[in-house]
Number of protein chains: 2
Amino acid sequence: MNDLKKSTPSTKLYLEIVEKLRQMIESDGLVSGDKIPSERELSERLHVGRSSIREALRALELLGLIETRRGEGTFIRDYQDHNLIQLLGTFFLQDPKVKQDLAETKEYLETNCIQIVISSATEQELQHFLNWATEQAFSDDDFFTKLVALNSNYLMARIWTIVNSYARAANQVNEAIEYDSYIRFVHLMIERNTNQAISHYLKNIRKISNDE
Amino acid sequence: MNDLKKSTPSTKLYLEIVEKLRQMIESDGLVSGDKIPSERELSERLHVGRSSIREALRALELLGLIETRRGEGTFIRDYQDHNLIQLLGTFFLQDPKVKQDLAETKEYLETNCIQIVISSATEQELQHFLNWATEQAFSDDDFFTKLVALNSNYLMARIWTIVNSYARAANQVNEAIEYDSYIRFVHLMIERNTNQAISHYLKNIRKISNDE
DNA sequence: TTTATTAAGTGGTCTGACCACATTAGGCTT
DNA sequence: AAGCCTAATGTGGTCAGACCACTTAATAAA
């Protein structure tokens with residue numbers, strides 16, 4: 001009853017297996033670090049060949065959803081970046097147009113995050129952020145990672161993280177030059193002054209003409 | 001000499017194969033639509049099992065870099081919307097908070113696209129867009145698909161497409177009610193009036209209070 | 001020439017067999 | 001009893017060969 005159909009697979013078998021695994025993980029309430037059944041057991045339980053199981057696991061591994069350790073097993077993993085980005089990077093990230101789009105997209109996303117933070121972050125959170133920024137040195141990457149984390153929109157944060165990973169892979173790192181600019185920027189956010197904050201971000205942090 | 005080492009694979013074999021394939025594609029100058037050698041031939045040429053070849057191909061397929069057609073072969077593909085995203089979607093779209101964030105993120109991205117289009121689209125493109133909008137009925141989805149396509153930033157367009165497909169999967173479809181609003185909106189873009197265009201978009205097309 | 005039929009090539013899948021590695025259980029020495 | 005060594009077991013990693021389903025092209029029949 002739990003079989004995966006074999007006649008004229010409308011969708012690739014390994015994709016069906018991925019879906020089955022997802023359901024299995026969900027129904028069993030597995031969380032990061034937990035072990036999933038062995039390839040041989042999955043093969044039996046789902047009535048499919050082990051090679052098909054492996055193709056599905058490769059997909060999940062690429063997505064960063066699982067981690068396989070020889071001799072030990074396969075484990076749930078907090079899904080994040082990695083392989084995927086790196087792989088795509090080694091491929092066609094050399095395209096200069098892509099690189100250019102990358103920087104622009106990153107700026108837009110950061111602008112979005114700034115708006116969201118200003119409109120939804122608490123006074124405490126912003127003060128905490130300000131303290132962090134004043135107490136130590138930080139890179140531009142650090143700063144915006146923190147800022148994006150303050151964002152209440154998790155999806156937006158994830159998109160930024162991915163794009164930022166790409167940018168990092170393309171060696172596009174913004175250097176934090178003047179700490180004062182960042183501090184003043186945080187103050188503008190605390191004042192909930194959206195327009196000036198974004199303007200300051202574009203002009204003094206990203207050094208971009210304002211008319212884009 | 002072209003063998004892939006077998007002793008103590010420091011990196012997974014299928015990842016090495018992916019790299020080999022990349023080099024092969026590059027050195028042979030293969031482009032979108034071209035056919036790559038069959039799995040059996042690759043297996044012989046690289047001296048690895050066919051199952052390992054297949055695991056590598058699955059990775060490339062997930063990345064949207066190739067396309068496999070049973071009975072025909074494997075072909076290079078313009079790296080675009082991969083089912084990778086779709087896969088990830090089936091995983092994390094479970095989270096209700098994410099669904100909640102979808103609409104907001106979509107709006108931000110559309111705002112970004114509007115800005116980009118206004119600042120980079122040609123008069124011709126916009127006129128063409130206006131003609132399309134006046135000549136027939138369209139859904140909100142159609143409208144913004146067209147608009148986003150006008151965007152010069154391909155990465156941004158891809159992100160919007162992904163988010164939009166999420167929203168669609170979550171049954172979050174905006175209905176196009178008053179065509180006049182859309183038409184007037186296009187006119188504002190043609191006039192390169194960024195502020196009014198965005199304001200009009202938020203107020204009359206997305207029916208959102210202006211202060212977010 | 002047109003239409004069926006056949007053959008060859010290709011991806012999709014299954015099975016069974018090793019290998020390399022990690023963990024565990026028993027038995028041995030001390 | 002405590003510690004160490006050694007099977008034995010289980011796991012992912014890989015390979016080889018076998019079918020199947022499908023596409024295309026060559027071939028034979030109309």
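Proteins come first, then strands; the chains are lettered A, B, ... in the order of their sequence lines, and each starts at number 1.
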Looking only at heavy atoms, what is the nearest atom pair of A:Val148 and A:Asn151, with distance? O-CB, 2.7 Å

Does B:Arg45 form a side chain to side chain contact (heavy atoms under 4.5 Å, CB included) with B:Met24? I'd like the steps, not just the answer. CA-CA 11 Å; B:Arg45 271 167 57 172; B:Met24 190 178 300; 3.5 Å; yes

A:Leu46 atom CG is separated from C:dC14 atom P, nearest whole Å, by 10 Å

Quick one: A:His47 NE2 to C:dC14 P, roughly how many Å, whole number? 11 Å

Nearest whole Å is fine: how far is D:dC22 C1' from A:Leu13 CG? 17 Å

Is the cationic atom of A:Arg58 (NZ for Lys, CZ for Arg) positioned less than 6.0 Å from the six-membered ring centroid of B:Tyr14 and within 45 degrees of its normal? yes

Measure the distance from CD1 on A:Ile53 to C1' on C:dG12 and round it to the nearest whole Å. 15 Å

Which is true for A:Thr68 with a 4.0 Å heavy-atom rule: it touches a base, it touches only sugar-phosphate, or it touches nothing? sugar-phosphate

Rounding to a whole Å, what distance do you find between B:Leu42:CG and C:dG12:P? 13 Å

Using ring-ring contact (aromatic ring centres under 6.0 Å, His included) as the criterion, point out the one residue from B:Phe129, B:Trp132, B:Tyr201, B:Phe143 that pairs with B:Tyr182. B:Phe143

So what does A:Ser52 touch, heavy atoms closer than 4.0 Å: a base, only the sugar-phosphate, or nothing? sugar-phosphate

A:Tyr14 OH to C:dT13 P, straight-line distance once rounded to whole Å: 10 Å

For B:Leu147 and B:Cys113, work out which heavy atoms get closest and say how close. CD2-CB, 4.2 Å

How many whole angstroms separate atom CZ of A:Arg54 from atom C1' of D:dT11? 11 Å

Just the rounded figure in Å: distance from C1' of C:dT23 to CZ of A:Phe75. 11 Å

Using the rule given for salt bridge (Lys or Arg N to Asp or Glu O under 4.0 Å), can you reason through A:Asp140 versus A:Arg206, listing the C-alpha separation, both sets of side-chain angles and the distance that settles it, and then say yes or no? CA-CA 10 Å; A:Asp140 185 88; A:Arg206 288 285 173 264; 3.0 Å; yes

Looking only at atom types and distance, does a side-chain atom of A:Ser52 sit under 3.5 Å from a main-chain N or O of A:Val48, one as donor and one as acceptor? no

Enumerate all atom pairs, one protein N or O and one N or O from nucleotides 6-10 of chain C, separated by less than 3.5 Å.
unit_1, atom_1, unit_2, atom_2, d
C:dG9, N2, B:Gly71, O, 3.0
C:dT10, O2, B:Gly71, N, 3.4

With the 90 degree cut-off around zero defining syn, does C:dA22 come out syn or anti? anti

Taking a pair to mean Watson-Crick or G-U wobble geometry with both distances below 3.5 Å, D:dT6 pairs with C:dA25

